[in-house]
**Q** 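Quick one: the structure is below, and I'll ask about it shortly.
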Protein chains: 2
Amino acid sequence: MLSDRQQLILNAIVDNYIHSAEPVGSRTISKREGIGFSSATIRNEMSDLEELGYLEQPHTSAGRVPSTKGYRFYVDNLIQPHLLDDGELGKLKQLFAERILHSEQVVEYTAQILSQLTNYTAVVLGPEIFEHRLKHIQIVPLNEQQAVAIVVTHTGRVENKLIDLPEGIGSGEIERLVNLLNSRLADVPLWQLRQRLYQEISGEMRRHAEQYEEMLRVLDQSLTQEEDRVYLRGATKIMNQPEFRDVDKVKDILELLEQNDQLLHLFGMPADGLRVRIGQENQLDAIKQCSIITTSYSLGGKPVGMVGILGPTRMEYGRVITVLNYLAEGLSRMLTSQFEK
Amino acid sequence: MLSDRQQLILNAIVDNYIHSAEPVGSRTISKREGIGFSSATIRNEMSDLEELGYLEQPHTSAGRVPSTKGYRFYVDNLIQPHLLDDGELGKLKQLFAERILHSEQVVEYTAQILSQLTNYTAVVLGPEIFEHRLKHIQIVPLNEQQAVAIVVTHTGRVENKLIDLPEGIGSGEIERLVNLLNSRLADVPLWQLRQRLYQEISGEMRRHAEQYEEMLRVLDQSLTQEEDRVYLRGATKIMNQPEFRDVDKVKDILELLEQNDQLLHLFGMPADGLRVRIGQENQLDAIKQCSIITTSYSLGGKPVGMVGILGPTRMEYGRVITVLNYLAEGLSRMLTSQFEK
DNA sequence: ATTTAGCACTCGCTAGCATGGAGTGCTAAC
DNA sequence: GTTAGCACTCCATGCTAGCGAGTGCTAAAT
């Protein structure tokens, strides 16, 4: 375990490096407020910290830079709560003040504001809607062969999909089907829909089994359009960082961000709650010099979506975590209130 | 006007520069197939072409590079039709073979393929739907105050919007309203909808004027969500170009591409048909070293959307134009057939 | 009159070298 | 245990020389 003084020095080094982006030397630290030691003492401690793996030296006779392990210790033990100023708080509060908006739109704005406020790349995953309850099903025939199937949830979310109509089905039959489905399946949570659909159609409607199959497939698909849930904002912010003045590095990262499925993978949730992945801890080579911070927002205590930040390892962890927590809480509150209606 | 030989040489220089990205010297040209002159002769011609403004010299004792005026002449007079190979044609044909897809999805894939095939950034604007005819209107109440308004067009496009319900309106009334609207407004093109809505409600329903106002506003808005029509793919491709190895240049461009409204402005249509904007011809500083090629696709002869490419001024104009034309034609055909159903 | 060979000249690019400065590591003194 | 002092390392910067690609001009060739 690190001594108090080692922690003090490590903290100072990380703080300094986060803001200067330059390797920090012993003299810089010894001059800092709250550090009462000479540069020589600091040098000795730095040497120890390097040996322990918390610091790295780009080359002999350069200052020290935190290693992944160093950042990890900083994030886990040293980080201090960051207070938001009035301007920041104002922006955040405003976001949740809008009343007539689909939850998807709020999520989109969240990504926007998150990126603006932190100056890093923001990724937000829209809420999974399995908990949403069915409000209305509609099938609108377009011609003899095709129709649009529409599902409305009680939160006002609308999903639609083009479907093939079974041969020879009449508009009357479609209407009967829709009425049946609406009367039997109203208020059923979407995740139960599939199962319930099978139950309900066991009776009189059995003879049209194939068309229900089609319906099932459509509903299934319209509820699992995961890719559309990814909102990415401020992808170019990474270029503001001095350590990313190299096109090749930036290119790898931006190419990654262009792929929705990769984003879903990077920011998708195994864990709920705050999660910080620092530099080398990331699997993908392209972002081994980046950190990803994510946290989940929830609906009735159950995590349904994610807000996250991608930035350089040299990131303002304290600030970002504060903002993320604030937004996740806000989204959770908003979703929950929308749900109780 | 340029002499035949000057045109021949200009053509050779542009072709060479497009592929090498290096200033081209007189010897390079004199060695080319089909050019029977010594480097000294070429040098004299180059000197003339520079004086006329078609070429530029990065510095004395460097080769020549086409100026904007040079590219312009090349595009307008020298470009030769480019033939697509089997692999490219296959990809293109496959795109339009899918049957059960919303036109929006086809447009999205178009952007993808366009970028893949050209290795430049692709922008496609989804079709304006003012010509689409109304198939179905639905209002689904969520609670006492809110409802979702849904508009389905005869092409299967679905638009929806959360709306506030007028105080004290009953579900019976809503149903009557929806039935009325559907019976009176079916098959009306969306651009007439607003006007027709006013006509139809003149009679018995007049007393609920405010709620129709609300409806009107909603329909209006849901039909003018222009920003959502922009599909951008391959934004990072610009980084493959040797002249964009500088983060600052790339940053300006990518920041521009992040803004949907700017894209709409850059690729939006004043003109129908092919349009090439080369380098300095562009208004925005960020893309003064880029070229934008756009063409429109249409529905029944009337342009409704755009496909476009953004690349370096040193772009493979011939190839890009061929691919763009092919895709625009394909989209037009697809839309038109979808419309006739 | 046009084309071409020849040659001096220009200019960017690279390698090599000296210099300065920031920072370390070690040692000896406090 | 802490600190002052000092030699040492290594990067960054600036300078210079040499190289090479390419030009522009002139004079000779067609």
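Protein chains get the first letters and strands the later ones, always in sequence-line order, with residue 1 at the start of each. For the numbers below, each heavy atom of this structure counts, side chains included, while hydrogens, waters and symmetry mates do not.
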**Q** More than 12 heavy atoms of other residues, nucleotides or ligands under 6.0 Å from NE2 of A:His82: is that the case?
**A**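 Count over threshold, so yes.
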**Q** Between the protein and nucleotides 24-27 of chain C, list every N/O to N/O distance that falls short of 3.5 Å.
**A**
from: C:dT24; atom 1: OP1; to: A:Ser26; atom 2: N; distance (Å): 3.4
from: C:dT24; atom 1: OP2; to: A:Ser26; atom 2: N; distance (Å): 3.2
from: C:dT24; atom 1: OP2; to: A:Ser26; atom 2: OG; distance (Å): 2.6
from: C:dG25; atom 1: OP1; to: A:Arg64; atom 2: NH2; distance (Å): 3.4
from: C:dG25; atom 1: OP2; to: A:Arg64; atom 2: NH2; distance (Å): 3.3
from: C:dG25; atom 1: N7; to: A:Arg43; atom 2: NE; distance (Å): 2.9
from: C:dG25; atom 1: O6; to: A:Arg43; atom 2: NH2; distance (Å): 3.1

**Q** Tell me, please, which residues at least two apart from A:Asn11 pass side chain to side chain contact (heavy atoms under 4.5 Å, CB included).
**A**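 A:Asn11: side chain to side chain contact (heavy atoms under 4.5 Å, CB included) contacts with A:Asp15, A:Tyr74, A:Leu78, A:Gln80.
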**Q** Please enumerate all residues that pass side-chain hydrogen bond (donor to acceptor under 3.5 Å, both in side chains) together with B:Gln7, with sequence neighbours excluded.
**A** none
**Q** Scan for salt bridge (charged side-chain N to carboxylate O under 4.0 Å, His left out) pairs involving residues 78-88 of chain A, sequence neighbours excluded, and state none if there are none.
**A** A:Glu88-A:Arg319
**Q** Who pairs with A:Gln289 by side-chain hydrogen bond (donor to acceptor under 3.5 Å, both in side chains), at least two apart in sequence or on another chain?
**A** none
**Q** Using a strict heavy-atom distance below 4.0 Å, which residues from residues 12-22 of chain B are in contact with DNA chain D?
**A** none
**Q** Any side-chain heavy atom of B:Val320 sitting closer than 4.5 Å to one from B:Val323?
**A**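 They are not in contact (no side-chain heavy atoms under 4.5 Å apart), so the answer is no.
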**Q** Starting from P on C:dA22, measure out to CD1 on A:Ile42 and report it in whole angstrom.
**A**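 My rounded result for the distance is 19 Å.
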**Q** The criterion is side chain to side chain contact (heavy atoms under 4.5 Å, CB included); which residues satisfy it with A:Asn77, sequence neighbours excluded?
**A** A:Phe73
**Q** Got a list of side-chain donor-acceptor pairs under 3.5 Å for residues 21-34 of chain B, not counting sequence neighbours?
**A**
from: B:Ser26; atom 1: OG; to: B:Arg43; atom 2: NH1; distance (Å): 3.2
from: B:Ser30; atom 1: OG; to: B:Arg27; atom 2: O; distance (Å): 3.2

**Q** My understanding is that only residues two or more places apart in sequence, or in another chain, count here; which of them pass side chain to side chain contact (heavy atoms under 4.5 Å, CB included) with B:Asn119?
**A**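 By the side chain to side chain contact (heavy atoms under 4.5 Å, CB included) rule, B:Asn119 matches B:Lys237, B:Asn240.
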**Q** Can you measure A:Ile29 atom CD1 to C:dA22 atom P for me and round it to whole angstrom units?
**A** 17 Å
**Q** Between B:Pro58 and B:Arg5, who's closer to the 5' end of DNA chain C by nearest nucleotide?
**A**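 This one resolves to B:Arg5.
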**Q** What is the distance, rounded to the nearest whole Å, between atom CD of A:Gln6 and atom C1' of D:dT2?
**A**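 Distance, rounded to whole Å: 16 Å.
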**Q** For the helix from C:dA1-D:dT30 to C:dC30-D:dG1, what is the angle between the axes at its two ends, each from 5 pairs, rounded to 10°?
**A**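 The angle, to the nearest 10 degrees, is 20°.
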**Q** Who passes side chain to side chain contact (heavy atoms under 4.5 Å, CB included) against A:Arg275, sequence neighbours left out?
**A**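 For A:Arg275, the residues satisfying side chain to side chain contact (heavy atoms under 4.5 Å, CB included) (neighbours in sequence not counted) are A:Pro270, A:Ala271, A:Arg277, A:Thr294.
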**Q** NE2 of A:His59 versus C1' of D:dC11: gap in Å, rounded?
**A**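 Roughly 5 Å, once rounded to whole Å.
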**Q** For residues 56-64 of chain B, dump all side-chain donor-acceptor pairs below 3.5 Å to protein atoms at least two apart in sequence or in another chain.
**A**
from: B:Gln57; atom 1: NE2; to: B:Ala62; atom 2: O; distance (Å): 3.2
from: B:Arg64; atom 1: NE; to: B:Glu50; atom 2: OE1; distance (Å): 2.8
from: B:Arg64; atom 1: NH2; to: B:Glu50; atom 2: OE1; distance (Å): 2.9

